[in-house]
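Below: the structure, in C-alpha cells.
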Amino acid sequence: MALEEQCSAPPQWRSISLTHVEFPKGDLPGQVLAYISLLPIAVLVGFVTLIVFKRELHTISFFGGLILNEGVNWLLKHIVKEPRPCAGAHTTLNADYGMPSSHSQLIWFFVVYFFLFLYLRMHQTNNARCVDLLWRHILSIVLLGVALSVSYSRVYLLYHTWSQVFYGGVAGSAIGIVWFFFTQEVLTPIFPKIAAWPISEYFLVRDTSLIPNILWFEYTVTRSEARNRQRKLGTKLQ
C-alpha cells in the first residue's frame, strides 16, 4: 500500500499501555510489530539490570555507548529537522522530527557492537570449537532478525519513512563500530586502574577484560565454591 493511500485513509489507532506505541485497531500484525518496536526499551532495561547486578566495567562502557548513541540521534534530529510521515497520525509522539529513527539507530548500535563483541572480544576456551562457533552464528542471525524487525515495525506503524530507518541504522552501526574499538583500544587498558579506585571497590565494580569466557569462568568458580561449602557442611554434620 502506498504511503499516500495510508495517509488519506488513516486507521483507528490503539496504544500499548504505559509505552503509548500505537498500532491500527484490529491489525494483529501491527500489534505484534508494536511490541517488537519496544525491544530497544527492553535492551536499555536489560543493561541497567546487568549493571546493578554484575557491576562490570565493559558492560558499563557498552551502556555508555548506548547513551552516547541516543545523544547523537537527538542532535541529528534537531539538525536535519525532517518531519515524520503522516503528520498527526499519532497523538503520543514525544518529538515531531523523524530523521534518523532513534529506534533503528539504537537497535543497530546494539546489534553491531554485539557482533564485534562475539567475534573479536570472546575467545575459545575449550575444545568444542564447532559448537562454540555454531551458537555464535545462531545468536548473530537472531540479533540480525531482531534489528530488521524493529526497523520494519517503525515503517509499518507510520512512525518513520524507509529513509529515516535506513539512516538511523547506518548511524547506529557506525557509532557501534567506533565505540567498540574505542572501548577495546582506549578504555580496556585502563579498566584495571579504574577497578582499583576506592569508589569502584566500594561499589564492587570489577574488570573481567582478561577473562576470555566470563560465563564459563563464573560457572566453574561457583561450582567449585558450592562443592567446597558442601564438603565443609558435611564435615560439620558428622
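Bear in mind that the values here come from a model prediction, so they are computed numbers and not experimental data. The first residue of the sequence shown is numbered 1, and numbering continues consecutively from there.
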Is a side-chain donor or acceptor of [X] paired with a backbone partner of [Y] at a separation under 3.5 angstrom?
X: Q164; Y: T161; value: yes
X: R84; Y: H160; value: no
X: W179; Y: S61; value: yes

Under 4.5 Å between side-chain heavy atoms, chaining through other members, with only Ile, Leu, Val, Met, Phe, Trp and Tyr counted: pull out the rest of the cluster around I141, sorted by chain and number.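 Cluster partners of I141: none, it stands alone.
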Flag the pair [X] / [Y] as yes when at least one side-chain heavy-atom distance between them is below 4.5 Å, and no otherwise.
X: Y167; Y: Q105; result: no
X: V205; Y: W197; result: no
X: S102; Y: K77; result: yes
X: E70; Y: L66; result: no
X: L120; Y: F180; result: yes
X: L106; Y: V150; result: no
X: I60; Y: F63; result: no
X: V72; Y: N69; result: no

In sequence, state the C-alpha distance, the side-chain angles, and the governing distance for E225 and Q230, and then conclude on side-chain contact (heavy atoms from CB on, under 4.5 Å). CA-CA 9 Å; E225 180 64 20; Q230 188 175 17; over 6 Å; no
Is a donor from one side chain sitting under 3.5 angstrom from an acceptor on the other, for S151 and W108?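 Looking only at side-chain atoms, W108 and S151 do form a donor-acceptor pair, the distance falling under 3.5 Å.
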Classify the side-chain pair T208/E56 by whether it contains a donor and acceptor separated by less than 3.5 Å.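 Distance-only check passes for T208 and E56.
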Between V111 and F114, does the side-chain contact (heavy atoms from CB on, under 4.5 Å) criterion hold? Intermediate values first, please. CA-CA 5 Å; V111 168; F114 210 95; 5.7 Å; no
For [X] and [Y], which heavy atoms make the closest approach, and how far apart are they?
X: P100; Y: N73; answer: O-ND2, 3.2 Å
X: S104; Y: V165; answer: OG-O, 2.8 Å
X: R154; Y: S101; answer: CG-OG, 4.2 Å
X: S149; Y: L33; answer: O-CD2, 4.3 Å

Sub-6.0 Å ring centroid separation between [X] and [Y]:
X: F62; Y: Y113; answer: yes
X: H137; Y: Y119; answer: yes
X: Y159; Y: H103; answer: no

With sequence neighbours excluded, give me every salt bridge (charged side-chain N to carboxylate O under 4.0 Å, His left out) pair touching residues 30-54.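 Salt bridge (charged side-chain N to carboxylate O under 4.0 Å, His left out) check on residues 30-54 returns K54-E218.
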How far apart are the C-alpha atoms of S163 and M99, what are their side-chain angles, what is the distance that settles it, and do they pass the side-chain contact (heavy atoms from CB on, under 4.5 Å) test? CA-CA 8 Å; S163 62; M99 173 65 86; 3.9 Å; yes
So if you build clusters from Ile, Leu, Val, Met, Phe, Trp, Tyr with side-chain heavy-atom gaps below 4.5 Å, do V48 and F110 land together?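 Yes, same cluster.
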